[in-house]
Structure formats: structure tokens, C-alpha cells
Amino acid sequence: MLKRADFPENFLFGAATSAYQIEGHAFGGAGPTHWDTFAAKPGNVVNNENGAVACDHYHRYEQDLDLLLGFDAYRFSTSWARVLPEGRGPVNQEGLDFYDRLVDAVLERGLKPFLTLYHWELPATLADLGGWTNREIAGWFGDYTDIVMDRIGDRVASVATINEPWCVSYLSHFLGHHAPGLRDIGATANAVHNVLLAHGVAMERLRARGQDNLGIVLNFEALRPGSQKPEDLAAAATYDDVMNRLFIQPLMTGTYPDAIMAGLGSHLPQRWQDDMDLISKPMDWLGVNYYTRQTIVAAPSEPWPSTRFITTDCDKTQMGWDIYPEGLHETLTWLTDEFTGDMPLFVTENGMAWDDKVINGTVNDSERMDYISRHLQQIHRAIGDGCNVQGFFYWSLMDNYEWAFGYDKRFGMIHVDFETQKRTPKESYHLLKQVIRRDRGGI
Ligand code: FCB
């Protein structure tokens, strides 16, 4: 396993979480979110579970952050619905007080606070107004951004506007797997564009305040064609536009990829071109979330994008996701070559779910240790190949509410017993803590 000394001097090691997945939205005056609505409908979420209690981090944040002693940074998010229970209008002071205490607690432990402003808990009131399909959301998000920054902007090390716009738009409005659970191409095109516009407006507000280290967090997958047949090669290229280029291309060049124009172009809002300048204003860094690889084949009888996945024989996680560390190197080098150049990259999420069990007080997650080790090697290789990667955040600090999978899938370095809220650090946590030690330069 590589150790801290193998990485550049200022490389940051951290862990990531998000508000709705850990805090417990029943506490502290948070408003209802579109995830609560979605989870209440049978069939959407395993066991209809929601984030009402989650890891009770709202009350346990101090002890949770103690677990990060020795790390360099902590990536977390503020919940829009906790700060503004109705999405706009009255502010929940208790919510802002919580984030104020949280940021101080992060700093007290010598960690850099990496804030994400939106990690999916859209206030239900805004969802009722059309949510991401309503263009006005860009202004609402800008106002929320200002309110959060007024309180904690002086102490955060870095700000990401939105986590995984692909999930916010495509996964949630086209595939229907996440809230609001739509399968509507018009809603999808509008959500795609409005997420970008909201990012652009928030960036403008953040810049106007003099806030620095601004970026966004995108998710990428390694893709490969299921065969060398021309139709499968074409399908893989189409899906690459849909999955990997849908956001990075407009953000960096102000244009949508060809396959997106072919599929969604006629559904984009009128005069969408006028927004592209704001959308593609320079950022200071890019967050890369990487987990897995997909194998794509043509599905000509299905509607756009007429592609489908096939399962191949390889090691998989509890999610059934291919374990393919080389894909992280492929992603980082591709982004650097084609889009980001010298701009800093952070691996803002990487990790795996496993059916971890506490046995005699320990969790032996050797599969996760191997996963982390192999992905760190690929980051190291990418740095050697000239990529400006400046940090790695394991997803996630602790087991939590895994969206449509409820509490069933465990991604944490820390095991959480959701009955008792007992935390048990897994072996992977102990190992990562060892290798990033500064005093002995790791083991
Ligand atoms: C990402 C999300 C994160 C978590 C991981 C497993 O897509 O950003 O909240 O669900 O996947």
C-alpha cells in the first residue's frame, strides 16, 4: 500500500459525507425534502427508508469528527432544507447554528472544510414548484448560497456548488431512480440545463463575495464497448456523451456534446445558448467522483440513447459494481488532456459497499482495503503522468443512508449500527489512518 510520503507534499487525504445521508433530517427544524416524498412512495426505496434519523450526526458530530483526527480534510454538505425549510423565505437559525458549530469543530481537529452546497436534499416546497425543471431554481439556489456563505464562508477551505449534476438531472428525471422519480425527456433536458445555470449563478455570487477555491463535483464512469462491432462502438461513444461529457463539456467549453444535442436538444429551454457563457465561467478546481466501469452495447429497439449495459465476469462490490481501479487513471488522464489541463483535480468520492459485519468488535473488510489501495495506486500513477490531482476523499466516513438502497449498502470506513448508533471503525479505516500518518511518513 502506498503511503503519504509517496504523494506530493500538499496532497490532502480526507473522507466525504453528505447532509441528508448522515444528519437526521427529523432534528433541528429542517424542512421536508423531495427525498422524503420519494421514499414514502412504495417501490422507490428499499424498505421505504428515509433520512429522518440516518446516523444522528446532528447530535453526534463531535465524536464523528474525532474519527477524522490525522486526516487533512473533510468533505461535507449543507442541507438546503435545513437552512431554508421552504427553500426560500424564512431562515432556520438553528440550522445555520449547526453548520457554524460543525465548521468550527472541523477546524478544531485540524481539518480543511470542503463544503458542497447541494447534495440532493431539495426542499419539498421547491419540488412542488417544479424543482430542477423550473428555471427559477437558479436564483433560489443563488440566494441559498449567499445565506450559507454569510454564516460560514469565512471559514471553509473550498466550495463546490453541486454534487453530481448527472444524478440530479439524468438519474432523477430520465431514469427515475432518484427523487423526484420522473421518466420524462423534457423534464430531463430542463433539469440538465437548470442545474448548470444554478451552478453558474452560484459561482457568480461566490466570486462577487470574494470567496475562493470554487468548483463542482462530477461523477464519471469508465466505459467500454461490449464488442468491437460498429454498433457497439457507436453505442459506447453515445453513452460516453451521456454519462461522462454531459456536464464537463458545457462547463469547460460552453457547448453540449453531440449525442446530447441529438437526444435532448429539441427539449432544451428556448434561448439556452444565451446561458452558456455564465455556465462556462472558469472554476478553480474540479471534483471527480469515480466508482466503477460499465460495459455498453447497442439497443436499437429502445428509445434514445438506445444503449444498454451488459454484465461481465469480474470482481464486484455489494452494489454489483465492477471493481476497475484503472478506470480512475483513465478518467483523470482523459480529463486533464481534454478539459482541465493544469486545473487542480480532487478525487472527491471513491469507495465501495460491502456487507460488513462486526465480529468480536472488529470489521475485517479486506476487500475495501484492497479497493482503496488499488485506487490510490491509480491516482499516484495519474500524478506521475502529469495530472494535477491534489487530494483523495474516501466515500464515506461512515455507513449511511444510501439513497434508493436505504440502509442496506455499507460504504463507510466506520461501521454504524443503525439500531444503537454505535460506531465501529473498520480495518480499512485503521489502515488508511496508518498510511497517512505524518510522523513516521506512513508505514
Ligand atoms: C454518489 C453520491 C453519494 C453516494 C455514493 C455511493 O453517487 O454522491 O451520495 O451515494 O454515490
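Numbers here are sequence positions counted from 1. In listed order, ligands and their atoms are each counted from 1.
Taking every heavy atom of Gln21 and a limit of under 4.0 angstrom, the matching atoms of ligand 1 come to 3 (C), 4 (C), 9 (O), 10 (O). When each atom of ligand 1 is checked for a heavy atom of Phe411 under 4.0 Å away, the hits are 6 (C).
Two rings, from Tyr401 and Tyr407, have their centers less than 6.0 Å apart.
Looking only at heavy atoms of the protein, atom 10 (O) of ligand 1 is closest to Glu402 OE1, 2.8 Å. Among protein heavy atoms, the minimum distance from atom 7 (O) of ligand 1 is reached at Glu164 OE1, 2.5 Å. Looking only at protein heavy atoms, the nearest one to atom 5 (C) of ligand 1 is Tyr291 OH, 3.2 Å.
Among Thr348, Val217, Asn163, Thr317, the residue whose heavy atom sits closest to atom 8 (O) of ligand 1 is Asn163.
At least one side-chain heavy atom of Pro250 sits less than 4.5 Å from a side-chain heavy atom of Met276. Looking only at side-chain heavy atoms (C-beta outward), Phe346 and Leu12 come within less than 4.5 Å of each other.
Figure legend: Arg82 and Phe98 shown as a cation-pi pair, the cationic atom lying under 6.0 angstrom from the six-membered ring centre and within 45 degrees of its axis.
Between Glu349 and ligand 1, at least one N/O pair is under 3.5 Å apart.
At least one heavy atom of His119 sits closer than 4.0 Å to an atom of ligand 1.
Scanning for side-chain contact (heavy atoms from CB on, under 4.5 Å) contacts around Arg155 gives Asp100, Val103, Asp104, Leu107, Ile152, with sequence neighbours left out. The side-chain contact (heavy atoms from CB on, under 4.5 Å) test applied to Ala382 returns His329, Leu332, Cys387, not counting sequence neighbours.
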